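Reading through the structure tokens given below for one structure.
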Amino acid sequence: MEEEKDLTSNEDPKEKNLHQETEGELRHARSALLNILDDTEAARKVAVEERNKTLAIIQNFSDAILVFNENNILELINPLAEEYLGEKKENLIGKKAEDLLASPKTKLFMEFLEVSKGSPIKQVFRKEFMARPDFYLEITSLMLIMDSKMKGTLLVLHDITREKNIEKMKTEFVSISAHQLRTPLSAIKWTLRMILDEDVGGITPEQREVLQKSYASNERMINLVNDLLNVTRIEEGRFLYKLEAAQLEDLAQTSIDNLQEEIKRKGASVVLVKENFPLPSVKIDKEKMKLVLDNLITNALKYNKNKSGKVEVFMEDNEGKEIRVQVKDNGLGIPQKQQSRIFTKFFRGENVVRLEVDGSGLGLYTTKNIIEAHGGKIWFESEEGKGTSFYFTVPIKKE
């Protein structure tokens, strides 16, 4: 002990100070390290808590959720998705998107995503499909982006069965109502026609004028009922029923011939531009395709200028693949802000409502559905005050 005391007492003061400083730095570093570890643990707990919250939200979300990583491998699925698909997550997690195409339970909605090896899943918005009888789902896919990089894809499946059932009930109600209305309206029509034709006795000019107005109003009601019936058939998927070979130019000429009285009343001209006729025949439902031409030509005429209105119908063979039709007018045109709604049900432009009160707003909706049911496309170009051109195509199907 005596010897130790002597060693300590004989220690160089500079070395003693250095030793004390080193010990102080070590104590400070140890304290800082402990603080960092405490902060890290607190941050870890917060991260775990946030992760658990996110997982709880996903697990209890009111829609079915599936999450794929950047390699299109399914990483996450919530209980509602398991219920909708009728498959346990253990049988799905870790599978590639293309592998899910092989399963009947997942194939129905995966087909919308156009999955291909090495390519990202296609983005879709509100596509509907029937998962099983009387059970309808709506699928939406969203890209997961982080730091400007693609990190995966989120699929959301939303149950729309209730909406579909309500839609079906509404369609059935309209269909039944329209059918019930058509019978008495037809009876009124033929009764008025018999009186106007004086089959049941003579009438005075004053009586004829009143009866003709009644007849015209009844005709408008019949047209509205027919439009409603067409809409219900479209929504029920039973609109086209008789496909046969036909010449589009012949149907267009028939439509123009049937409108001669209206053409004279407007003082307008309607011409079928005949270039390279006859065109190849197309397989169509003649009655429905005539309705398309009637709607487009009637609209072009109805919403045109008086005395100087001009309607031209062009038809051409587009490289043997399709017939391309253009119905062009120099009338009111469609306001730019309303053009996105032109093919929706019951829509009528503000400018045409002021000019022509009559109209159901169903003609172009019906027209679009007929063209698309034939495998064609329809679009338009318009400038308010200068006129509108509607275009549509019908595929040429070679036997």
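Since the structure is predicted, the reported quantities are computational estimates derived from the model, not experimental observations.
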Salt-bridge test for Lys264 and Glu261: reply yes if a basic N is under 4.0 Å from a carboxylate O, no otherwise.
->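 Not counted as a salt bridge, because no side-chain N and carboxylate O are separated by less than 4.0 Å.
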
Glu312/Lys310 ion pair, N-O < 4.0 Å | yes

Each residue besides Met150 in its hydrophobic cluster should be listed here, by chain and number; the cluster joins Ile, Leu, Val, Met, Phe, Trp and Tyr at side-chain heavy-atom distances under 4.5 Å.
-> Met143, Ile145

Looking only at atom types and distance, does a side-chain atom of [X] sit under 3.5 Å from a main-chain N or O of [Y], one as donor and one as acceptor?
{"X": "Asn78", "Y": "Asp63", "value": "yes"}
{"X": "Gln123", "Y": "Ile121", "value": "yes"}
{"X": "Asn218", "Y": "Ile188", "value": "no"}
{"X": "Asp147", "Y": "Lys149", "value": "no"}
{"X": "Ser281", "Y": "Gln247", "value": "no"}
{"X": "Asn91", "Y": "Glu87", "value": "no"}
{"X": "Gln339", "Y": "Ile334", "value": "yes"}
{"X": "Ser382", "Y": "Gly333", "value": "no"}
{"X": "Asp329", "Y": "Thr388", "value": "yes"}
{"X": "Asp285", "Y": "Lys288", "value": "yes"}

Decide if the gap between the ring center of Phe390 and the ring center of Phe380 is smaller than 6.0 angstrom.
->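 Aromatic pair counts; centres sit under 6.0 Å.
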
Rounded distance [0.5 Å steps], [atom1] in [X] versus [atom2] in [Y]:
{"X": "Lys283", "Y": "Leu243", "atom1": "NZ", "atom2": "CG", "answer": "6.5 Å"}
{"X": "Leu137", "Y": "Thr161", "atom1": "CG", "atom2": "OG1", "answer": "6.5 Å"}
{"X": "Phe135", "Y": "Asp159", "atom1": "CZ", "atom2": "CG", "answer": "4.5 Å"}
{"X": "Phe68", "Y": "Ser141", "atom1": "CZ", "atom2": "OG", "answer": "10.0 Å"}
{"X": "Ile263", "Y": "Lys266", "atom1": "CD1", "atom2": "NZ", "answer": "11.5 Å"}
{"X": "Asp199", "Y": "Trp190", "atom1": "CG", "atom2": "CH2", "answer": "11.5 Å"}

Verdict with supporting geometry, Glu128 and Lys164, salt bridge (charged side-chain N to carboxylate O under 4.0 Å, His left out) = CA-CA 10 Å; Glu128 299 176 3; Lys164 279 289 183 182; 2.7 Å; yes

Contacts of Phe392 meeting ring pair (Phe, Tyr, Trp, His ring centres under 6.0 Å) (sequence neighbours excluded), chain-then-number -> none

Would you check, one step at a time, whether the test side-chain contact (heavy atoms from CB on, under 4.5 Å) holds for Leu144 with Thr153?
-> CA-CA 5 Å; Leu144 298 176; Thr153 306; 5.8 Å; no

Classify the side-chain pair [X]/[Y] by whether it contains a donor and acceptor separated by less than 3.5 Å.
{"X": "Arg341", "Y": "Thr344", "value": "no"}
{"X": "Asn223", "Y": "Glu219", "value": "no"}
{"X": "Thr367", "Y": "Asn295", "value": "yes"}
{"X": "Glu381", "Y": "Tyr391", "value": "yes"}

Count the heavy atoms of every other residue, nucleotide or ligand shown that sit under 6.0 Å from CZ of Phe129, and state whether that count exceeds 12.
-> yes

Just wondering, more than 12 heavy atoms not from Glu372 lying within 6.0 Å of its CD?
-> yes

Full working for salt bridge (charged side-chain N to carboxylate O under 4.0 Å, His left out) between Glu138 and Arg126 | CA-CA 5 Å; Glu138 181 181 80; Arg126 299 179 67 175; 3.4 Å; yes

Give the C-alpha distance, both sets of side-chain angles, the deciding distance and a yes or no for side-chain contact (heavy atoms from CB on, under 4.5 Å) between Ile378 and Phe343.
-> CA-CA 10 Å; Ile378 184 167; Phe343 292 113; 3.9 Å; yes

Side-chain contact, heavy-atom cut-off 4.5 Å: [X] with [Y]?
{"X": "Val156", "Y": "Ile139", "value": "no"}
{"X": "Leu259", "Y": "Thr298", "value": "yes"}
{"X": "Val282", "Y": "His374", "value": "no"}
{"X": "Ser177", "Y": "Gln180", "value": "no"}
{"X": "Ile203", "Y": "Ile195", "value": "yes"}

Would you sort out whether Val271 and Val313 count as a side-chain contact (heavy atoms from CB on, under 4.5 Å), showing the intermediate values?
-> CA-CA 6 Å; Val271 295; Val313 182; over 6 Å; no

Audit row: Asp294, Ser255, side-chain hydrogen bond (donor to acceptor under 3.5 Å, both in side chains) steps and yes/no = CA-CA 6 Å; Asp294 284 347; Ser255 293; 2.6 Å; yes

Are [X] and [Y] joined in one hydrophobic group, where the rule is that I, L, V, M, F, W and Y side chains link up if heavy atoms are under 4.5 Å apart?
{"X": "Ile342", "Y": "Trp379", "result": "no"}
{"X": "Tyr136", "Y": "Tyr84", "result": "no"}
{"X": "Val124", "Y": "Leu157", "result": "yes"}

Is there a side-chain contact (heavy atoms from CB on, under 4.5 Å) between Glu198 and Arg208 once you walk through the steps?
-> CA-CA 10 Å; Glu198 299 187 356; Arg208 179 175 295 280; 3.1 Å; yes

I would like to know whether Lys242 and Glu287 meet salt bridge (charged side-chain N to carboxylate O under 4.0 Å, His left out); could you show each step before the answer?
-> CA-CA 9 Å; Lys242 188 180 179 183; Glu287 180 186 342; over 6 Å; no

When you look at Glu316 and Arg324, which way does the salt bridge (charged side-chain N to carboxylate O under 4.0 Å, His left out) test go after all the steps?
-> CA-CA 5 Å; Glu316 63 177 353; Arg324 187 169 182 265; 3.3 Å; yes

